[in-house]
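One structure below.
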Amino acid sequence: MTEALIEAVEVAKVLGSGPGQVQALKGISLAVKCGELALLMGPSGSGKTTLLSVLGCMLTPTSGTVWVRGRSTDGASAEELAKLRRDNVGFVFQTYHLFPTLNATDNVRLALDVRGEKRKAAVAKAKDALTNVGLAHKMASYPHELSSGEQQRVAIARAIVGDVSAIFADEPTAALDSENGKAIMTILSSIANDHSRGVLVVTHDARLIPFADRVIYLEDGRIIRKEKNSVSHQ
Amino acid sequence: MPLIFKLALRNLFHDRLRFIATVIGIVFSIVLVTVQMGLYLGFERMVTTMIDHASADLWIVPRGTKCFEDPSLLAARNQFRVRAIDGVVDATPIVIGFAEWRMPSGNTTPVFVIGSNIKSKGLLPWNIVDGDLEALSTPNAIAVDKSYFDRLGISGVGSSAEIRRQRVRVVAATNGIRSFTTTPYVFMDLDKARAHTGISSEEATYILVQLSPESNVDTLRRRILEATTDAEVLTSTEFRDRSRSFWLFGTGAGAALFGGALLGIIVGTVIVAQTLYSSTKERLIEFATLRAIGSSSAYIYKVIICQALISAVIGFSVAWLIDTAVVRMTAETALPIIITAKLTLALFLLTLLMCITSAIAAIIQVTRIDPIVVFAR
């Protein structure tokens with residue numbers, strides 16, 4: 001049986017308060033598994049990003065439980081959630097969120113620096129991660145010197161460099177052309193093929209389905225369908 | 001270079017205008033504080049300069065004397081009673097007082113006369129750069145500081161003028177004996193000073209007492225007090241403290257200087273806090289990203305405090321250069337700004353403290369970051 005890295009059990013999440021209150025998630029159960037690339041799809045406002053935030057230990061559920069490698073996040077403080085993210089989750093954002101004042105190596109190294117990793121080892125690992133995403137020749141480049149696709153690859157390198165088990169990507173190809181989008185998905189697929197990691201991608205883009213092992217459809221805060229993808233990774 | 005330091009440094013230099021504004025705020029604040037505190041130290045030194053250079057273990061002063069420049073008088077005969085006490089090596093009267101100086105051109109200006117017996121160790125001019133101390137014992141001889149030559153309408157040693165319509169002749173010129181009141185000091189023999197200030201031979205302003213090295217100061221002080229009338233007996237330290245206290249706090253000058261320094265600290269803190277806060281606010285998404293990738297709050301605080309400390313070190317360095325120039329420019333003035341090593345160290349620590357305090361607003365701002373904002377599109 002494939003190990004669940006992060007698992008949500010009957011998770012509900014209410015956002016806001018008063019008349020503006022919204023129930024973003026309504027009793028969702030979902031596991032992110034090793035060796036799997038799962039797509040989380042659905043229309044805008046369906047709760048995809050909220051679910052990603054809850055699974056990624058950025059938000060705590062209103063009810064239900066999130067398990068991270070067998071540990072419940074119930075009652076965890078902000079610092080404890082940060083540690084869970086640090087140790088278990090890597091994020092890739094739609095708009096990359098690279099630090100404009102740092103070069104590619106330092107942007108990647110940052111994920112290790114927050115873990116307290118020593119400089120020399122951190123630089124070596126950052127360079128390895130950049131090489132793995134095909135940016136060996138851009139290590140000293142600053143974000144403004146990189147194309148959108150290259151910036152997203154730096155962001156992926158930052159997500160994987162800490163040797164975390166779960167990679168969560170929020171619309172990673174939305175700001176890219178189709179060619180760069182494919183390249184990014186290929187990298188994410190190869191990360192999932194590692195079998196020690198799982199990847200969960202939030203997307204609107206049906207063109208990404210061929211890269212997925214599983215597709216989860218969300219609507220109005222509920223999972224309406226889960227599909228195993230029989231098409232092999234591209 | 002540690003990544004926190006690099007990130008902090010780059011954050012600062014990325015927005016150069018804001019960084020310059022921060023540094024200017026720190027420089028303005030620290031220069032203002034330094035000038036105020038340097039003036040305080042200079043003032044403190046100036047008001048006690050005569051006491052510092054007098055040869056006295058004990059001062060017999062008229063009861064209620066507030067400072068060296070106090071014109072009260074005591075009976076000169078006290079000196080004879082004091083000399084008779086075992087352990088007293090010498091008791092020398094001095095007189096001080098304002099007098100009118102008439103220049104060769106006929107113009108007049110007030111001067112501060114200091115009269116002491118030239119043959120005994122009393123209060124004699126020091127730092128003589130021209131002429132001779134011994135010549136002060138010759139008739140009508142005086143010594144003045146060279147910085148006052150123009151003010152007194154004279155050209156140097158050998159020049160003549162009048163004090164209280166009596167001729168005086170400059171036989172010695174000193175360097176650096178300046179009065180914070182800007183009234184020139186004029187040194188002369190005791191008897192001549194009495195004549196120029198209208199003090200009778202039965203009176204003196206102070207009696208300076210020298211004790212034998214092996215004597216007990218407290219015991220002798222009690223005996224001297226018993227032997228004198230309408231007088232107090234002070235050690236040099238006590239007289240110094242009393243003079244400082246009068247001029248610095250009795251007149252409000254010290255409070256004004258401290259008030260100016262406090263204002264500088266407040267202005268500097270507000271400017272640095274404002275710029276750090278706005279810089280942090282502009283980079284909230286970066287700090288949220290740090291939080292999202294799992295950094296602890298402490299890591300983010302370190303980045304902000306590092307920014308504050310870098311600003312502090314750069315701002316202090318620029319301020320120190322300006323302060324050094326100010327010290328040089330005021331060295332020869334009536335009220336020089338004095339910056340000691342202790343003051344420099346204290347100001348550096350104050351700069352660090354001011355900048356760290358300024359970082360609090362930015363830290364509070366960052367504390368409220370919700371990492372989920374990284375998903376905002």
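Quick note on labels: first sequence line is chain A, next is B, and so on, each numbered from 1. The analysis underlying the following values was restricted to heavy atoms, covering all of them including side chains, and did not include hydrogens, waters or symmetry mates.
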Which region of B/I285, side chain (C-beta onward) or backbone (N, CA, C, O), has a non-hydrogen atom less than 4.5 Å from a non-hydrogen atom of chain A, or is it both or neither?
side chain
What residues of residues 101-110 of chain A sit under 4.5 Å from chain B when you count only heavy atoms?
A/T101, A/L102, A/D106, A/R109, A/L110
With the side chain counted from C-beta on, respond yes when B/I293 and A/R85 share a heavy-atom pair under 4.5 Å apart, and no when they do not.
no
Taking B/D370, B/V374, B/L9 one by one, which has the highest count of heavy-atom pairs under 4.5 Å against chain A?
B/V374
I need the minimum non-hydrogen distance between A/P100 and B/E286, along with the two atoms involved.
CD-OE2, 3.2 Å
Using non-hydrogen atoms and a 4.5 Å limit, figure out which bit of A/L81 sits close to chain B: side chain, backbone, both or neither.
neither
When you compare the side chain of B/S296 with that of A/R86, does any pair of heavy atoms fall below 4.5 Å?
yes
Considering only heavy atoms from C-beta outward, does the side chain of B/L7 approach that of A/F99 to under 4.5 Å?
yes
Would you say that B/T289 contacts A/R158 through its side chain, given a criterion of any heavy-atom pair below 4.5 Å between the two side chains?
yes
With no hydrogens and no angle check, do the side chains of B/S297 and A/E79 hold a donor and an acceptor under 3.5 Å apart?
yes
Looking only at heavy atoms, the pair that brings A/V114 and B/S295 closest together is CG1-CB, 3.3 Å
Which atoms of A/A78 are under 4.5 Å from chain B, going by heavy atoms: the side chain, the backbone, both sets, or neither?
both
With a 4.5 angstrom heavy-atom cut-off, could you sort out which part of B/I4 is near chain A: side chain, backbone, both or neither?
both
First locate atom CD of A/Q94, then atom CZ of B/F375, and finally report the distance between them rounded to the nearest 0.5 Å.
11.0 Å
Which atoms form the tightest heavy-atom contact between B/A292 and A/F93, and what is the distance?
CB-CZ, 4.0 Å
dist A/H97:NE2 -> B/L290:CG (nearest 0.5 Å) comes out at 12.0 Å
